[in-house]
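Note that the coordinates shown come from a computational prediction; the quantities given were computed from them, not determined experimentally.
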Amino acid sequence: MHNANRMTSTDLAGVIAAAATDKKARDVVILDIRGKTTIADYFVICEGDTDRQVRAITDNITDVCKQHGVRALAVAGLKDASWACADFDAVIAHVFLPGERTFYDLEGLWGDPAGERAV
C-alpha cells in the first residue's frame with residue numbers, strides 16, 4: 001500500500017466507508033475478502049441514486065484518501081458512472097447504481113454473512 005502513515009487495510013476500509021457516507025452513499029458495506037483472494041483485503045461496496053452521485057461519492061473517496069496520504073492506483077467507470085471502482089491496493093471501493101449492484105451481486109459472490117459489516 002502506498003502510504004506514508006502506515007495505515008492498515010482495515011483502517012483504510014473504514015476511511016473509505018466514512019468518505020462514501022459523507023456523500024450520502026446508501027447501504028455501505030465493508031466486505032472482508034482476506035483469505036478468499038489475493039487481489040485485496042477488503043471491498044467497500046455502496047450505491048448512489050444517480051450517475052452524478054456515483055461520481056461524487058467516488059471523487060470524495062479519492063480526495064479523502066489523498067488527505068490520508070493514500071492515492072488510488074486506478075479509478076475506473078466514471079464516464080458512465082453506473083459502477084465506479086477505485087483501487088487502493090489492499091482495499092477496492094465499488095460504487096454502484098442500485099440496479100448494477102443487484103446485477104453484479106459482489107456481496108453474494110465474495111461475501112460471507114459473518115464477514116460483512118454494514119457501516
Note to self: Quick one, D51 with R55, criterion salt bridge (Lys or Arg N to Asp or Glu O under 4.0 Å). Give me CA distance, side-chain angles, the key distance, then yes/no.
What the structure shows: CA-CA 6 Å; D51 58 344; R55 286 186 197 95; 3.6 Å; yes
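- Minimum interatomic distance between G48 and P98 (heavy atoms only, all atoms of both residues): O-CD, 3.2 Å.
- Residue I61 is not grouped with residue L78 when hydrophobic side chains (ILVMFWY) are merged at heavy-atom distances under 4.5 angstrom, including chains of intermediate members.
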Next item on the list: Kindly indicate, with the supporting measurements, whether the criterion side chain to side chain contact (heavy atoms under 4.5 Å, CB included) is fulfilled by L109 and Y104.
Entry: CA-CA 8 Å; L109 183 63; Y104 288 103; over 6 Å; no
Check: Taking it one step at a time, do F88 and I16 satisfy side chain to side chain contact (heavy atoms under 4.5 Å, CB included)?
Finding: CA-CA 10 Å; F88 294 95; I16 291 169; 3.7 Å; yes
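- Across every non-hydrogen atom of S9 and V91, the tightest pair is O-CG2, 3.4 Å.
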Next item on the list: Show your reasoning for whether side chain to side chain contact (heavy atoms under 4.5 Å, CB included) applies to V54 and S82.
Entry: CA-CA 7 Å; V54 167; S82 61; over 6 Å; no
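- Between the CG atom in D87 and the CG atom in L73 there is a gap of 5.0 Å [rounded to 0.5 Å].
- What you find for V44 and A13 is that their closest heavy atoms are CG2-O, 3.7 Å.
- Classified by interplanar angle (parallel below 30°, tilted 30° to 60°, perpendicular above 60°), the ring pair W83/H94 is tilted.
- Note that NZ of K24 is 9.5 Å distant from CD of Q53, once rounded to the nearest 0.5 Å.
- Q67 places no side-chain N or O within donor-acceptor distance of the main-chain N or O of T62, the cut-off being under 3.5 Å.
- V75 and I57 fall into different hydrophobic clusters, where Ile, Leu, Val, Met, Phe, Trp and Tyr residues are linked whenever their side-chain heavy atoms come under 4.5 Å apart, directly or through other members.
- Counting only distance, with no hydrogens or angles, the side chain of E100 and the backbone of F96 share no donor-acceptor pair below 3.5 Å.
- Separation of atoms CZ (R71) and NZ (K66) is listed at 5.5 Å; rounding is to 0.5 Å.
- Between the CG atom in D80 and the CG atom in L97 there is a gap of 10.0 Å [rounded to 0.5 Å].
- The closest donor-acceptor contact from the side chain of K23 to the backbone of N60 lies at 3.5 Å or more, if one exists at all.
- Looking only at side-chain heavy atoms (C-beta outward), L12 and V70 come within less than 4.5 Å of each other.
- In this structure, A84 and T58 approach most closely via the heavy-atom pair CB-OG1, 3.3 Å.
- With a 4.5 Å cut-off on side-chain heavy atoms, V15 and V64 count as touching.
- Side-chain contact check for I45 versus R101: some heavy-atom pair is nearer than 4.5 Å.
- Distance alone, capped at 3.5 Å, places no donor-acceptor pair between the T37 side chain and the I33 backbone.
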Next item on the list: Go through the steps to decide whether Y42 and T10 satisfy the test side chain to side chain contact (heavy atoms under 4.5 Å, CB included), and finish with yes or no.
Entry: CA-CA 8 Å; Y42 296 97; T10 304; 2.8 Å; yes
